[in-house]
Amino acid sequence: RQALEEMRALYERNQADVSEAKSGRTDLIFLIRFRHCCLLRNQRCLLAYLYDRLLRIRALRWEYGSILPNTIQFHMSSEEVEWFNQYKKSLASYMRSVGGEEGLDLTQDIKPPKSLYIEVRCLKDYGEFEIDDGTTVLLKKNSQHFLPRWKCEQLIRQGVLEHILS
């Protein structure tokens, strides 16, 4: 906001000096150019800042999944939340179009797995959790289970499960 206010003030001063320079004061041309360079620099800085935030928001989708924690969403503007939702929809649409009937979940394995099954501890009461073979597991707080990695990874990122390293 402060940078935008500074840019607005520089622009208004430049506008006033341009009208004077048109009337014959050529000594203001260098000042006008200097202010214009300041405006362009501030614009580049703001665009770099916004682009960095956009990259961080995109990374949040890969780290936390399609639902952001409230603590993170609290620090985002409404436009950033809207962009996140559009990116989420776009990514989901792409994943459905790749990999046949069921699609392909690109977010399931951020790092290549060392084993297909992992031991996990439940940190919160979650309820019933169904595995692909049709069996259901009751995820209660402090219970431990040996489950397929790809089914657990999203819950680990959400903080429901904790990977137990032996």
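For the numbers below, each heavy atom of this structure counts, side chains included, while hydrogens, waters and symmetry mates do not.
Contact of the K88 side chain with the S66 side chain is registered, since non-hydrogen atoms from C-beta on lie closer than 4.5 Å. Contact check for L155 versus Y126: side-chain heavy atoms found under the 4.5 Å cut-off. Using a 4.5 Å cut-off on side-chain heavy atoms (C-beta onward), I118 and I164 make no contact. Residues V120 and Q144 have side chains not in contact (no heavy-atom distance under 4.5 Å, counting atoms from C-beta outward). Looking only at side-chain heavy atoms (C-beta outward), I131 and L147 come within less than 4.5 Å of each other. Taking the side chain as every heavy atom from C-beta outward, M76 and L68 approach each other to under 4.5 Å.
By the rule that hydrophobic residues join a cluster once side-chain heavy atoms approach within less than 4.5 Å of another member, V137 and V160 end up as members of one cluster. Cluster annotation: L31 is not connected to L10 through the hydrophobic network of ILVMFWY side chains, with a link wherever side-chain heavy atoms come within less than 4.5 Å. If you chain together hydrophobic residues whose side chains sit under 4.5 Å apart, L106 and I156 never meet in one group. Under the 4.5 Å side-chain heavy-atom criterion for grouping Ile, Leu, Val, Met, Phe, Trp and Tyr, I67 is not connected to L139 through any hydrophobic cluster. Grouping the Ile, Leu, Val, Met, Phe, Trp and Tyr side chains by contacts below 4.5 angstrom, directly or via other members, places L39 apart from I29.
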Please step through side chain to side chain contact (heavy atoms under 4.5 Å, CB included) for the pair L138 and F129, ending with a clear verdict. CA-CA 6 Å; L138 184 60; F129 182 66; over 6 Å; no
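With rounding to the nearest 0.5 angstrom, the CD atom of E162 is 12.5 Å from the NZ atom of K124. Here the straight-line distance linking atom CG of L28 with atom NZ of K22 works out to 13.5 Å at 0.5 Å rounding. Between Q154 atom CD and L161 atom CG the span is 11.0 Å, to the nearest 0.5 Å. One distance of note links SG of C38 with OH of Y11; it measures 16.0 Å at 0.5 Å rounding. Taking NE2 of H145 as the reference point, atom NZ of K140 lies at 10.0 Å (rounded to 0.5 Å). Rounded to the nearest 0.5 angstrom, T135 OG1 and E128 CD are separated by 11.0 Å.
Listed by first and then second residue, the ring-ring contact (aromatic ring centres under 6.0 Å, His included) pairs that reach into residues 64-84 are W83-Y87, sequence neighbours excluded.
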With a 3.5 Å cut-off and sequence neighbours excluded, list the donor-acceptor pairs that the side chains of residues 45-52 form with protein atoms.
from	atom 1	to	atom 2	distance (Å)
D52	OD2	R56	NE	2.8
D52	OD2	R56	NH2	3.4

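Proximity of a side-chain donor or acceptor of R157 to a complementary backbone N or O of W62 within less than 3.5 Å is detected.
Nearest heavy atom pair, residue N42 against residue A3, reads ND2-O, 4.4 Å. When all heavy atoms of L123 and G159 are compared, the pair lying nearest together is CD1-O, 3.6 Å.
Shown here is E82, whose CD atom has no more than 12 heavy atoms of other residues, nucleotides or ligands within 6.0 Å. Annotation: L54, atom CG; neighbour count of heavy atoms from other residues, nucleotides and ligands within 6.0 Å is above 12. Atom CG of D27 sits in a crowded spot, with more than 12 heavy atoms from other residues, nucleotides or ligands closer than 6.0 Å.
Taking the charged nitrogens against the carboxylate oxygens, E5 and R1 have no contact shorter than 4.0 Å, which rules out a salt bridge. The pair R35-D17 counts as a salt bridge, with a side-chain nitrogen and a carboxylate oxygen less than 4.0 angstrom apart. Taking a cutoff of 4.0 Å between a charged side-chain nitrogen and a carboxylate oxygen, R53 and E80 qualify as a salt bridge.
No option in E119, R149, R121 other than R149 meets the side-chain contact (heavy atoms from CB on, under 4.5 Å) test with H163.
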